[in-house]
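Reviewing the structure listed below.
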Amino acid sequence: MDSSSQYCEQLLRQTESRWHLVGIGGIGVSAIARILIGMGHDVRGSDVRESQLTLALREEGADVRIGHAAAHLDGVDIVVASTAIPKTNVELVAAAEKGIPIVHRSHLLGAIIQQFSTAIGITGTHGKGTVSSSIAHILHATDQDPSFLIGGLLLNHGTNAYLGKSPILVAEVDESDGSHENVQPTHAVLNQLEMDHLNYYDSWSKLEDSMVGFSANNPRLQRFYVNLADPGIQKILPRLQSEGVSVRSYGLEYDQADIWACQLEPRRLPNGHLGGAMTVMQGEEELGRVEVQLPGRYNLSNMLAAITVCLDLGLEFDQIRSALQGFLGLENRFTVVEAGSKFVVKDYISHPTGIRRVLEGASYFKKRPIVAVFKPYRFTMINYLQDDYRDAFTGADHVLITELYTAGEVPIPGIDTEFLCNKIRESGTKVTFVPEMNDIKEHLHTHHAGDGMVLFFGGDDLFTVADGYADELGGVDHS
């Protein structure tokens, strides 16, 4: 463990220490804040705007300031920030001038993880939040009372973090900036691995080295769970094995895995949810049939990861199966609203693989036409994954593209929204550019009245449009 995590551990033992979290309204930082509050610490933080999360944190006991200012640091012992906060932030600059220690969010997460004898960390390109939340839900449903920190709001619990009474912690571990190497869980899950976050990982070798280091350099790690059906994980598996990492595998329709599943099928459940079912196998032994309330093949894979971990933790298969039947997932992860004759779907995903998987899940329900509304993210993503984006939308009958979110990146010549639209058109998919998000609803009403599905891929601003559109159609939430 490095010095920053050790310093955080020291402060965690001092109940009168004061923590200041920059960007406290972020989904990941707010989870950390909630755990600190639960531990009895004095928590202060700032964010640029009021939100559902800042209001909730204030009610829970945090001193939340709107806007950033040097004066917010008076009396604080440490400043915590994520990679999303620029080094030019006025509070980070002031902390450096005053000699107040500044640590990355991952160092504090690493220190918190050290407090638990069983710490389950979930990382990888796709599915981290759903795998994390499903494990946490299963453990809660079986009276284990685990703590959890997850980058999304669990619909079953209405929160992204909880401090339980047991020695078990479940945490989503972000690999996007290499900071996963600052945490040392006792059990880790690598659900999928492919090129993403290209502003940090400029090559496959860098990504592979980082993930192998995360597991091989962790003296606490007892078991590393990997999705053997994933091509990226197959590529790094020999290195994991050569490093002596204890690996346990799972995989859909992959009978070489320790735990695998077959007979996959979509379901429309009696309560209105879109879901799926699979038969879970251990070698040649059939453990049983599992039915879940989340749609799509990829969600069955996420559930299989949770099943594999929970079996190893000593739970009976029937306990796990029963718990998963009531699992509702995360907010805005294939969140479905039945609006008149339409399904309106929201999903945070912006990676082409994730988009393709969601569209595949949507196609199971044979509701046409399928319209995808996408707000692109980062010049680097479009540039390096352009051919993947071209093919990602082939499951849609029509794609609406709105202006991209640059995340402050320097533009790449020739790479813009028009380029992306033309790239997707190469697959034969119909594409329309709608520059202003506020015009999307009118376009949908005009050109897509009647039956079908509309899937919104983006962030909170696009989801505001989706919510308004569903309301106008007379939506009923089935998330």
Side-chain angles (χ1 to χ4, degrees), residues 26-27 48-49 51 84 125-126 129 151-152 176 196-199 330-337 339 342-359 361-362 370-386 388-412 415-425 427 429-448 453-472 479:
I27 194 68
V48 293
R49 64 180 65 86
S51 68
T125 312
H126 305 294
S176 66
D196 193 4
H197 307 293
L198 296 159
N199 54 313
L330 291 170
E331 182 182 53
N332 294 333
R333 304 294 203 283
F334 214 125
T335 297
V336 181
V337 174
K342 274 191 168 58
F343 288 164
V344 178
V345 178
K346 298 182 291 183
D347 201 299
Y348 273 120
I349 194 71
S350 61
H351 192 284
T353 298
I355 291 170
R356 175 174 55 79
R357 288 172 176 157
V358 172
L359 288 171
I370 293 176
V371 180
V373 182
F374 179 44
K375 182 175 182 178
Y377 177 62
R378 291 186 180 274
F379 296 110
T380 51
M381 290 280 284
I382 296 173
N383 186 35
Y384 292 106
L385 300 177
Q386 55 184 266
D388 296 306
Y389 278 116
R390 177 196 61 206
D391 301 330
F393 291 93
T394 54
D397 299 293
H398 189 188
V399 179
L400 305 185
I401 303 289
T402 192
E403 196 56 64
L404 70 87
Y405 173 57
T406 67
E409 284 191 341
V410 176
I412 299 174
I415 302 300
D416 54 19
T417 310
E418 181 181 4
F419 172 87
L420 178 62
C421 290
N422 289 330
K423 177 59 67 172
I424 297 171
R425 289 185 183 111
S427 68
T429 304
K430 179 182 178 182
V431 180
T432 301
F433 177 43
V434 184
E436 299 294 330
M437 284 194 297
N438 290 335
D439 294 335
I440 290 172
K441 289 188 294 181
E442 181 180 351
H443 186 96
L444 291 170
H445 287 311
T446 301
H447 298 279
H448 292 288
M453 299 182 72
V454 182
L455 298 93
F456 290 80
F457 299 104
D460 289 340
D461 52 356
L462 186 63
F463 294 159
T464 299
V465 175
D467 291 339
Y469 174 63
D471 287 344
E472 290 172 9
S479 62

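Quick note: numbers below take in every heavy atom, side chains included, and nothing from hydrogens, waters or symmetry partners.
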Heavy-atom closest pair, residues [X] and [Y]:
X    : Y    : answer
I27  : G152 : CG1-N, 3.5 Å
F463 : F456 : CE2-O, 3.5 Å
I415 : Q386 : CD1-NE2, 4.5 Å
V337 : A470 : CG1-CB, 3.9 Å
L359 : A392 : CD1-O, 3.5 Å
G395 : I370 : O-CD1, 3.9 Å

task = Report the C-alpha separation of V371 and L444 in whole Å, then their side-chain angles, then the decisive distance to 0.1 Å, and conclude whether the side-chain contact (heavy atoms from CB on, under 4.5 Å) test is met.
result = CA-CA 9 Å; V371 180; L444 291 170; 4.0 Å; yes
Donor-acceptor pair, distance only, cut-off 3.5 Å: does the side chain of [X] make one with the backbone of [Y]?
X    : Y    : answer
T406 : R378 : no
S350 : G458 : no
S427 : I424 : yes

Heavy-atom check, side chain of [X] versus side chain of [Y], under 4.5 Å:
X    : Y    : answer
P376 : I401 : yes
H351 : L385 : yes
H126 : I349 : yes
H443 : I440 : no
Y469 : H445 : yes
L455 : D347 : no
T353 : T125 : no
L400 : V454 : no

key: T429 side, atom OG1; D391 side, atom CG - distance, nearest 0.5 Å   =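 Result: 8.5 Å between the selected atoms.
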message = For the NZ atom of K430 and the CZ atom of R425, what is their distance to the nearest 0.5 Å?
response =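 Going from NZ on K430 over to CZ on R425, the span is 10.5 Å.
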Set of residues satisfying salt bridge (charged side-chain N to carboxylate O under 4.0 Å, His left out) with respect to [X], sequence neighbours excluded:
X    : answer
K423 : D387, E426
D467 : K346
D461 : K375
D439 : none

key: More than 12 heavy atoms of other groups within 6.0 Å of E442 CD   =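 Not buried by this count: 12 neighbours or fewer within 6.0 Å.
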query = Got a sec: does the CZ of F419 have more than 12 other heavy atoms crowding it under 6.0 Å?
reply =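 Yes, enclosed.
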ask   = Would M453 and V345 satisfy side-chain contact (heavy atoms from CB on, under 4.5 Å), going step by step from the backbone distance to the final call?
value = CA-CA 8 Å; M453 299 182 72; V345 178; 4.0 Å; yes
task = Sequence neighbours left out, what passes ring-ring contact (aromatic ring centres under 6.0 Å, His included) with F379? Give chain and number order.
result =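 Once residues adjacent in sequence are excluded, F379 has no partner under the ring-ring contact (aromatic ring centres under 6.0 Å, His included) criterion.
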query = What residues, two or more places apart in sequence or in another chain, satisfy ring-ring contact (aromatic ring centres under 6.0 Å, His included) together with Y389?
reply =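 F374.
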task = Please work out which of the three classes, parallel, tilted or perpendicular, describes the rings of F393 and F457, given edges at 30° and 60°.
result =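 The rings of F457 and F393 stand perpendicular, inter-plane angle above 60°.
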